[in-house]
Amino acid sequence: MTKENVQGAGEEEQQAQSKKALKKQQKEAEKAAKKAEKQAKLAAEQQETDEDDFAKDRYGICPMVQSQQKLDRALVRVQDLTPEKAEQQIWVRARIHTSRAKGKQCFLVLRHQQFTVQALLAVGERASKQMVKFAANLTKESIIDVEAVVKKVEQKIESCSQQDVELHVERIFVISQSEARLPLQLEDAVRPEGEGDEEGRATVNQDTRLDNRVIDLRTTTSQAIFRLQSGVCQLFRDTLINKGFVEIQTPKIISAASEGGANVFTVSYFKTSAYLAQSPQLYKQMCICADFDKVFCVGPVFRAEDSNTHRHLTEFVGLDIEMAFNYHYHEVIDSITDTMVQIFKGLRDRFQTEIQTVNKQYPSEPFKFLEPTLRLEYKEAVAMLKAAGVEMGDEEDLSTPNEKLLGRLVKEKYDTDFYVLDKYPLAVRPFYTMPDPNNPKYSNSYDMFMRGEEILSGAQRIHDAQLLTERAMHHSIDLEKIKAYIDSFRYGAPPHAGGGIGLERVTMLYLGLHNVRQTSMFPRDPKRLTP
Amino acid sequence: MPMYKVKPVSPADIKIDVPSCMYKSPNVHGHGMNCGEHALQNGEVDPSLKATVDGFAKTVTTPDADLDASTPSPGPAESVFKGTADLDSLLGKDLGALRDIVINANPARPPLSLLVLHALLCQRYQVLSSVHVHSSVSAVPPPLLSCLGPRHIDSYARQRFQLGFTLIWKDVSELQMKFSTQSMCPIEGEANVARFLFRLLGAEPQDPAAATQMDCWIDKAVFQLSEGGSKDRAAVLRSLNAALGRSPWLLGQEFSLADIVCACFVLRAGQTTSAPVNVQRWLKSCQNLGHFDCVYPFLQ
């Protein structure tokens with residue numbers, strides 16, 4: 001081996017090495033080039049974004065409103081967005097009902113209570129791409145503040161309540177963000193049952209609604225129902241106050257069961273126990289004996305009835321009336337029926353929007369009534385039922401199916417959804433009911449029906465302590481437990497009568513709904529204690 | 001010898017009885033005067049005319065403004081119809097409850113003939129009358145609310161009445177009556193309901209010819225007087241005039257449903273002062289009967 005060979009080999013090695021090294025270098029160079037390219041690109045993009053987001057201060061998430069400042073800004077309600085406000089620049093606070101991006105535009109539907117309006121955000125000189133992207137990604141139900149120009153539209157926007165205008169958004173800020181996953185979708189909650197089945201789209205079942213009541217109450221239908229219910233209560237109060245009635249408040253924690261022992265809740269009361277009032281009956285009567293003449297009260301009623309039906313709740317709002325009369329208890333019936341007719345008229349005349357909104361999801365026949373109210377006697381009802389093929393005794397109580405059938409028969413003949421049935425048999429009424437003077441088998445008692453379902457049970461009360469004691473003994477009631485009640489009639493008591501209705505049931509039947517839980521905000525029944 | 005001899009025009013041997021008394025004055029102290037005698041004295045020669053006069057006397061007892069002196073007015077008019085009707089066979093067995101007739105009428109066209117029939121029914125039976133306003137109508141003028149008269153004192157005890165008459169002012173296109181929804185379909189049209197109610201009075205003409213004539217007059221009133229044009233109306237008034245020239249009432253001597261319906265429709269059409277003579281006289285007669293008092297508040 002010569003040195004040259006070694007040298008040659010070394011050279012070869014060197015050459016080989018340099019080839020490898022060259023390749024390596026080349027690769028590295030490529031890598032570096034790519035990296036540089038990327039970085040350059042990013043830098044360029046960054047520059048772009050920074051450059052193009054000229055609308056940066058016109059959108060964003062506001063810090064939580066902790067009353068940091070008192071802005072003197074007027075917010076317009078969605079309800080008031082009409083063509084009269086065209087071209088005005090206004091601020092609106094509403095929820096995001098839906099948001100949909102389409103290329104360079106984003107369509108939002110903003111909702112406040114029962115009212116919805118369409119809002120449009122398009123990339124242009126006022127809005128950047130980033131702003132539109134931000135709007136499109138906002139979660140449903142978030143509360144936002146929007147500054148926009150009201151624009152008239154030629155073609156009506158059928159899907160919104162405000163059909164003649166839309167908003168062109170200038171600024172959009174989030175006041176309260178909603179979590180992305182909602183337990184129920186509002187559009188599903190408002191969808192009519194039939195439509196859901198037909199088109200294969202979801203509807204929400206009642207239990208889910210009641211478990212997430214806060215969201216369910218936001219729907220247009222729920223808003224309409226409870227506004228109407230508020231109207232019922234208000235009309236009840238106003239009509240009675242105008243008739244000279246006095247509103248009273250009665251105790252709900254009482255020492256003895258009023259209607260009958262079975263269906264009463266017990267509460268522990270210090271060292272003993274007490275009951276939750278099943279009705280303000282006893283106290284209303286005591287007020288009459290205390291010379292208040294005409295009283296009414298609005299308050300909760302507790303019935304521990306283990307009935308899981310469409311029309312029973314364990315706690316509901318009772319609207320109760322009691323009135324002293326001169327010579328005949330029909331004076332009281334006339335007063336009560338006139339109050340009901342005034343309520344129906346008030347709802348018919350002032351709450352049509354709400355009624356129509358509810359009918360969209362739950363279609364039903366409009367509520368019909370006669371003025372003055374139709375009053376039939378129990379015997380006539382039995383005759384009508386017998387003519388329709390029902391077999392029943394003359395003094396038998398009406399079962400629920402018979403009541404419904406009777407309602408239909410009365411509707412057919414008189415075309416009214418509301419009527420009074422007078423002179424019930426004595427045997428089926430409570431012990432304090434005054435018997436009929438001419439026929440001891442009957443009583444001066446009455447029931448009122450809406451759409452074939454009972455809403456009020458009332459009667460002339462026995463105002464004589466002696467007779468009351470006899471009747472109580474006849475019904476095997478422990479006299480000790482009702483001693484205070486009987487005593488109230490011993491010092492001069494006027495003849496009186498009355499009755500009570502359930503607010504939820506009346507609202508349900510007026511609107512033609514089928515379950516009383518729809519008209520009770522946070523319903524209580526044997527299976528439900530929350531929310 | 002006479003120049004001309006005239007043949008005798010009457011036989012010569014006729015004996016003429018010359019009355020010795022010029023006028024016989026009525027005995028003011030006696031009673032049971034036969035008006036026929038005076039008729040004779042006053043120039044009526046033929047005694048068979050007495051029967052005719054009796055017929056006229058019957059006409060005269062139908063109270064008329066000019067001749068009436070027997071019936072004190074205004075008072076509750078005596079019931080014109082004295083027939084009997086079996087309510088059970090007409091309305092179905094009495095099940096111990098009030099038999100209520102329900103009539104739905106439009107307040108824009110009050111059914112005048114039914115108001116008259118209601119007054120007649122109230123004379124025959126214990127009728128519980130009530131007026132209601134349906135929720136389809138927002139308001140009704142006060143006279144329509146009291147068109148069936150004041151509320152009966154016993155109205156709190158429905159059972160004490162034989163019949164119920166419930167009038168509901170409602171937004172309906174055609175007047176409608178319902179009674180027993182299980183066994184009867186609703187009756188539509190004022191004339192048809194009038195026929196039904198008239199049957200309850202038991203005063204339907206037994207003679208088929210008269211019954212047909214009655215129906216004929218009622219149809220004339222409905223189709224020509226009410227729904228027809230001015231030519232039809234004029235034609236009906238002419239035929240009414242002609243018929244009423246022959247007899248006091250449309251069917252002859254007896255007041256009937258034909259008179260009730262036709263009079264009400266004529267009154268509602270208005271312009272009664274320009275109606276033919278007999279028609280005006282007949283309307284006056286109807287008014288004098290007293291049953292039409294309830295109708296006058298509704299005529300313009």
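In what follows, chains are A, B, ... by sequence order, proteins preceding strands, each numbered from 1.
The two atoms that bring B:His134 and A:Lys368 nearest to each other are CE1-CD, 3.5 Å, heavy atoms only. For the residue pair B:Val102 and A:Tyr414, the shortest heavy atom distance occurs at CG2-CE2, 3.3 Å. The minimum heavy-atom distance linking A:Arg375 with B:Arg151 is given by the pair NH2-NH2, 4.5 Å. The two residues A:Glu380 and B:Arg158 make their nearest non-hydrogen contact at OE2-NE, 2.6 Å. The nearest pair of heavy atoms linking A:Thr373 to B:His132 is O-CE1, 3.8 Å. Nearest approach of B:Lys178 to A:Glu412, heavy atoms of both residues: NZ-O, 2.7 Å.
Contacts of B:Val140 with chain A are absent, with no heavy-atom separation under 4.5 Å from either backbone or side chain. Using a 4.5 Å cut-off between heavy atoms, A:Tyr378 makes no contact with chain B at all. Neither the backbone nor the side chain of A:Asp349 comes within contact range of chain B; no heavy atom of the residue lies under 4.5 Å from a heavy atom of that chain. In this structure, no portion of A:Ile333 lies under 4.5 Å from any heavy atom of chain B.
Heavy atoms from other residues, nucleotides or ligands lying under 6.0 Å from NE2 of A:His514 number 12 at most. For A:Glu391, the CD atom counts as loosely surrounded, since its 6.0 Å shell holds 12 or fewer non-hydrogen atoms of other residues, nucleotides or ligands.
Atom NZ of residue A:Lys413 and atom OG of residue B:Ser180 lie 7.0 Å apart, to the nearest 0.5 angstrom. Atom CZ of A:Arg408 and atom OG1 of B:Thr181 lie 12.0 Å apart (nearest 0.5 Å). Between the NZ atom of A:Lys386 and the CD atom of B:Gln182 there is a distance of 15.0 Å, given to the nearest 0.5 Å. Between the CG atom in A:Leu374 and the CG atom in B:Asp100 there is a gap of 7.5 Å [rounded to 0.5 Å].
Proximity to chain A at a heavy-atom threshold of 4.5 Å picks out nothing from residues 211-224 of chain B.
No other option in B:Trp169, B:Phe179, B:Tyr156 has as many heavy-atom pairs under 4.5 Å with chain A as B:Tyr156. When each of A:Lys379, A:Glu377, A:Lys423 is scored by its heavy-atom pairs under 4.5 Å with chain B, the top score falls to A:Glu377.
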From CA spacing to verdict: side chain to side chain contact (heavy atoms under 4.5 Å, CB included), A:Asp415, B:Ile168: CA-CA 10 Å; A:Asp415 200 21; B:Ile168 301 179; over 6 Å; no

